[in-house]
Number of protein chains: 2
Amino acid sequence: MKYTLAEEDYLKAIYKIAERQGVPVSTSAIADLMQTRPASVTDMLKKLAEKELIDYKRYHGVSLTKTGARWATQLIRKHRLWECFLVDKLGFNWDEVHEIAEQLEHIQSETLIDRLDDYLENPKFDPHGDPIPDASGAYRMRYQILLSDLGIGQRAILVGVREHGSTFLQYLDQNGLALGVDLEILEILPYDGSLRLRLAANDPILISGQVARQLYVRQIPTTG
Amino acid sequence: MKYTLAEEDYLKAIYKIAERQGVPVSTSAIADLMQTRPASVTDMLKKLAEKELIDYKRYHGVSLTKTGARWATQLIRKHRLWECFLVDKLGFNWDEVHEIAEQLEHIQSETLIDRLDDYLENPKFDPHGDPIPDASGAYRMRYQILLSDLGIGQRAILVGVREHGSTFLQYLDQNGLALGVDLEILEILPYDGSLRLRLAANDPILISGQVARQLYVRQIPTTG
DNA sequence: GTCGTACTTTAGCCCTGTCTAAAATTGTCC
DNA sequence: GGACAATTTTAGACAGGGCTAAAGTACGAC
């Protein structure tokens, strides 16, 4: 099967929203994410339903069918593998790859993506810490604990980011917040929920609660 | 500047035809190469002329403007670099890469292609022996001598192919005709112009005149 | 249960790129 | 120089995807 660029973009959007907010996915949520108008979304939903990629009831939102979910997962696999390629092989920074991968994910060729996967040595996570589905669509769930869920004195390793905007990622770079860093919460300011963190041997840094809610971590048991 | 997929395909087609048959390029030649109808071509030519990518006079064919030629060259650069990537890094055979590269050449990102070029160590020729333009659009002309231009007893190295179809390339593979092989013309059959070739230490092979006219070679001066 | 607001869909239009059928142009052959 | 065949262009239509404006639906507040 082959789908158009627009159809693929819609499938991915529906998948992403369903993943975060659950089903059913509303027309306006899709319009919002895709920077388009609800009326346009409705038009496309009818086409996707026609092709049995989504289940759609007028006025009641949509959910992906098995086929639709499968295709969306493949798109995500492609997107994330290309991001790995751009960062690991071509030396891009993690804040520069999203838009290029948005284009590359539409390239049609099963073989291509399987060979790319092998070439990259079958990575399990992309440069933002998002899990990469395998050829069958299965993937290992990432730790879903946010830095904002932890308390004072707890230690953790940064394993992923929820927000992918380049300004946000550059901000993390400038503060030494890269995937894999080991951090400890020194203090949580009562006024606005900002966090003071210790990163390795550096001076402590201060981040807002809003930033903390964008960071996935794996907790390290505090020894002793 | 940004152009649509269709516009880019037309530019490339015009460039290719101009390269082989010279200017002006006729509407039907374009329709032919692109597997579309002359009427559709006319429509698009008006749009390209509007954008000053081509010079177009009704009923008298077209030629690329400086801007149009520049853009076409960049597309060819992208196409050929991606072919190198697919063959050299991902292990594709030279008969499998054309269609994938057709898609990849439309990816929009200057940086991407420059980094890819560096990653591949700035190749000068693609897997079919076609020259790769540099970032400024300049490229080194390949030897334009065809195997069919040589006479009995002459030696040469295979440096390129004119035809890119996969059946043709597979035929070459099966007969040991890879780029870089050293060959000698043992005999030219008077009846139909077929050639008997010696390849390295192997048994001689017989190829048709039609095949010989698709093979670019660099002649080796016959010593003694 | 009715009302009002927010959300969703429909209707009708636009643009891109394609097509077929018909009209126009070119250029060649006599 | 005229007629005809081949080529090219125009006219009008259609499918994909998007928009605005207007109409329809859902559902919480009362």
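The structure displayed is predicted, hence computed values, not measured ones. Every heavy atom of this structure was used, including side-chain atoms; hydrogens, water molecules and symmetry mates were not. So that the names make sense, note that chain A is the first sequence line, chain B the second, and so on, each numbered from 1.
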message: Each nucleotide in nucleotides 1-19 of chain C should get exactly one letter: B, S or -. Can you fill that in based on protein heavy atoms under 4.0 Å?
response: -------BBB------BBB
Without placing hydrogens or testing angles, list every side-chain donor-acceptor pair under 3.5 Å for residues 28-46 of chain A, not counting sequence neighbours.
| unit_1 | atom_1 | unit_2 | atom_2 | d |
| --- | --- | --- | --- | --- |
| A/S28 | OG | A/S26 | OG | 3.4 |
| A/T42 | OG1 | A/P38 | O | 3.2 |

statement: Here the gap from B/Q103 atom CD to A/Q108 atom CD, rounded to the nearest 0.5 Å, amounts to 6.0 Å
message: Distance check, rounded to the nearest 0.5 Å: B/W71 atom CH2 versus B/K12 atom NZ?
response: 14.0 Å
- request: Hey, can you tell me if B/H164 and B/H128 have their rings parallel, tilted or perpendicular (30° and 60° cut-offs)?
  value: parallel
field: Cation over ring face, B/R142 and B/F125, 6.0 Å, 45°
entry: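 Geometry flag: not set, cation outside 6.0 Å or 45°.
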